Amino acid sequence: MKKGHTAILIALALLLSLLCACGQQKTPAEAEDPAPIQKPAASSADAPTEPEGPPEADPLQVYGATLDRYYERIMAGGEFWDDGEGETGMLEAIAQGAGLGDIGYAIWDLSGDGVPELLIGGLEQHGVQGCFGSDLYAVYAAPEGVPVLTCEGWARNSLRWLGENRFLRTGSSGAMYSMFGAYALSDDGTALNCEDFWFTYEKDDSYTEMAFYQNNSGMWDPAMSRELDMTAEDFWRLEQELEEQVRAVELTPFSVYEPCGWLPVKAQWADEALGTYTAYDAFTADSSDAGTRVLFTAGDGVKDFRLLALELEDVSETGAMAFSAREVYQQDTLTPERPLVVELTFYGDIPSYGVACVDGSGAEHRFVLELSGADGSLLLREADGQQLTIH
């Protein structure tokens, strides 16, 4: 019995830590209806109106790298990826067969501060009036112009929209332990503040009777809560009343998203994309019979562009790969008007090439060149210094 109790407490502690990361302030933020910044035309009375005046920054550019990352994860079919921040729900959906048309995004000002938030979620309805879903995988805010994860949802800890700046969380950690709660987005969009939190817990050490509790802190702790004198039927009716307030979010499917718009370099099959260019540079990295040509283009022009030959150094338990790299080609600039065509060979599923460059702000970027597991298209996955080391 003690061993089972310990296991339950560990599971509860894990779920508690994830819930607490969403913020636990007691006073909910007041906000007006969200203002859609990038979404199809409104199709219902619940859809918010356009905000007054233009935003300070293009929200698609602010969230561009984040959207590109989600697009690449979906295209790769979840292969070779760690569970990144905010990606648990998305990877669960991919494991069940979800693709670009089944996952979408919305950029709305839910907090009412004039800076839109990014929502990632699953699509349940497709039609001429738009695409909608209620299960949200992640919410991001960018109060300083840099995206930060506000909260995420997945199968056993779901996140859904209640309208305006409010959300419903429901979760479970076993037959004796379930929860549901209403939360409000903070003024800057970076946290969820608990309004009401209801949960079940064992009534005593016999583990035979369930008790019901409520608090306003979001803490799954009977000592910090009041025990409710009600039947199980009455308790679950409270959850049902909140469930009835859930609203579907209008989402743009990733199948219509244009990826890599905010990355300094883009990779395409040269035979498909080269026809639009009258001049280009060329380099042969590998001229074997299985060789192919890749077109590298730059949106705004980059400096110190380098083609890298990769060698696999390590693979983590989750399948994440780390590479060492040596430079095989370099040119001082890569401009939108004059791309680079590289002849090379892909040897199996393990990436053999990457690129590095410096963008207009002076920041260095490193990318691994991969093939999509979904449709065989080219992907550039940005890597840090630990994932890709240049010698």
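Please read these numbers as outputs of a predicted model, since none were measured by experiment.
Rounding to the nearest 0.5 Å gives a distance of 11.5 Å between CG of Leu308 and CZ of Phe323. Taking CD from Gln245 and CD from Gln240, the interatomic distance works out to 11.0 Å, rounded to the nearest 0.5 Å. Here the CG atom belonging to Leu334 is positioned 13.5 Å from the NZ atom belonging to Lys303, to the nearest 0.5 angstrom. To the nearest 0.5 angstrom, Glu152 atom CD is 10.0 Å from Met90 atom CE. Put simply, CE on Met224 and CE on Met219 are 5.0 Å apart, with the number rounded to the nearest 0.5 Å. In this structure, the separation between CD1 on Ile103 and CD1 on Ile120 is 9.0 Å, given to the nearest 0.5 Å.
For Gln387 against Ala383, the heavy-atom pair with the smallest separation is OE1-CA, 3.2 Å. In terms of heavy atoms, Leu242 sits closest to Leu162 at O-CD2, 3.6 Å. Heavy atoms only, all atoms of each residue included: Leu251 and Gly122 are closest at CD1-O, 3.9 Å. Smallest separation of non-hydrogen atoms from Gly86 and Ala138: O-CB, 3.6 Å. Between Glu124 and Ser134, the closest heavy-atom pair is OE2-OG, 3.0 Å. Nearest approach of Leu312 to Asp314, heavy atoms of both residues: CD1-O, 3.7 Å.
Tyr213 and Asp221 form no side-chain donor-acceptor contact under 3.5 Å, judged by distance and modelled atom types alone. A donor-acceptor contact closer than 3.5 angstrom links the side chains of Tyr347 and Asp286.
Taking the ring centroids of Phe296 and Phe305, they lie under the 6.0 Å cut-off. Under the 6.0 Å cut-off for aromatic ring centres, Tyr70 and Tyr105 do not qualify, their centroids lying 6.0 Å or more apart. Outside the 6.0 Å centre-distance limit, the rings of Phe167 and Tyr183 are not counted as a close aromatic pair.
Scored by the side-chain hydrogen bond (donor to acceptor under 3.5 Å, both in side chains) test, Tyr353 finds no partners at all (sequence neighbours excluded). For Glu243, the side-chain hydrogen bond (donor to acceptor under 3.5 Å, both in side chains) criterion is met by Arg160, not counting sequence neighbours. Scored by the side-chain hydrogen bond (donor to acceptor under 3.5 Å, both in side chains) test, Gln214 finds Asp196, Arg226 as partners (sequence neighbours excluded). Residues satisfying the salt bridge (charged side-chain N to carboxylate O under 4.0 Å, His left out) criterion with Glu244, sequence neighbours excluded, are absent altogether.
In this structure, the side chain of Asp281 does not engage the main chain of Leu340 through any donor-acceptor pair within 3.5 Å. Of the possible donor and acceptor atoms, none in the side chain of Glu117 sits under 3.5 Å from a partner among the backbone N and O of Val139. With hydrogens and angles ignored, the 3.5 Å screen pairs a side-chain donor or acceptor of Arg306 with a backbone N or O of Asp304. A donor-acceptor contact shorter than 3.5 Å links the side chain of Tyr63 to the backbone of Pro116. Panel note: side chain Trp108, backbone Ser111; no donor-acceptor pair is recorded below 3.5 Å. Looking at Thr200, its side chain does come within 3.5 Å of a backbone N or O of Ser178 through a donor-acceptor pair. With hydrogens and angles ignored, the 3.5 Å screen pairs no side-chain donor or acceptor of His365 with any backbone N or O of Val265. Checking side-chain atoms of Gln268 against main-chain N and O of Ala270 turns up no donor-acceptor pair under 3.5 Å.
Each side chain to side chain donor-acceptor pair (under 3.5 Å) pair with one or both residues in residues 90-102, not counting sequence neighbours, would appear here, but there are none.
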Review point. Are Glu202 and Tyr177 close enough, and set up right, to give a side chain to side chain contact (heavy atoms under 4.5 Å, CB included), and what steps lead you there?
Key: CA-CA 8 Å; Glu202 72 268 12; Tyr177 310 99; 2.5 Å; yes
Stepwise side chain to side chain contact (heavy atoms under 4.5 Å, CB included) check, Ile74 with Ile94: CA-CA 7 Å; Ile74 301 169; Ile94 292 174; 4.2 Å; yes
* Asked: Should Leu379 and Leu371 be marked as a side chain to side chain contact (heavy atoms under 4.5 Å, CB included) after you check the CA-CA gap, both sets of side-chain angles, and the distance that decides it?
  -> CA-CA 6 Å; Leu379 299 174; Leu371 295 175; over 6 Å; no
Start with the C-alpha gap between Leu307 and Val328, add the side-chain angles, then the distance that decides, and say whether side chain to side chain contact (heavy atoms under 4.5 Å, CB included) holds.
CA-CA 6 Å; Leu307 179 70; Val328 296; 3.7 Å; yes
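Classification of the Phe346-Trp269 ring pair by plane angle, with boundaries at 30° and 60°, yields perpendicular.
Under the 4.5 Å side-chain heavy-atom criterion for Ile, Leu, Val, Met, Phe, Trp and Tyr, Phe132 and Val256 are members of distinct hydrophobic clusters. Transitive grouping of hydrophobic side chains (ILVMFWY, heavy atoms separated by less than 4.5 Å) brings Phe283 and Phe367 into a common cluster. Met179 and Met210 fall within a single hydrophobic cluster, where Ile, Leu, Val, Met, Phe, Trp and Tyr are joined by side-chain heavy atoms under 4.5 Å apart, directly or via other members. No single ILVMFWY cluster, assembled from side-chain heavy atoms under 4.5 Å apart, contains both Val148 and Leu159. The hydrophobic clustering, which links ILVMFWY residues whose side-chain heavy atoms are closer than 4.5 Å, places Phe197 and Met230 together.
Taking 4.5 Å as the limit, some side-chain heavy atom of Leu380 sits within range of a side-chain heavy atom of Leu369. Leu123 is listed as a side-chain neighbour of Pro253, based on a closest heavy-atom distance under 4.5 Å. Residues Phe199 and Ser173 fail the side-chain proximity criterion, which asks for heavy atoms closer than 4.5 Å. Using a 4.5 Å heavy-atom threshold, the side chains of Pro143 and Val115 count as separate. Looking only at side-chain heavy atoms (C-beta outward), Leu192 and Leu185 come within less than 4.5 Å of each other. Under the 4.5 Å side-chain criterion, counting only non-hydrogen atoms from C-beta, Thr252 is not in contact with Tyr257.
Hydrophobic cluster membership of Tyr280, counting Ile, Leu, Val, Met, Phe, Trp and Tyr whose side-chain heavy atoms lie under 4.5 Å apart directly or via other members: Leu274, Tyr277, Leu295, Val341.
Summarising the local packing, CG of Asp204 is surrounded by more than 12 heavy atoms from other residues, nucleotides or ligands at distances under 6.0 Å.
A ring-ring contact (aromatic ring centres under 6.0 Å, His included) with Phe235 is found for exactly one of Trp198, Phe180, Tyr201, namely Phe180.
A salt bridge is defined here as a Lys NZ or Arg NE, NH1 or NH2 lying under 4.0 Å from an Asp or Glu carboxylate O, and Arg237 with Glu241 fails to meet this definition. For the pair Arg326 and Glu311, the salt-bridge criterion is not met [side-chain N within less than 4.0 Å of a carboxylate O].
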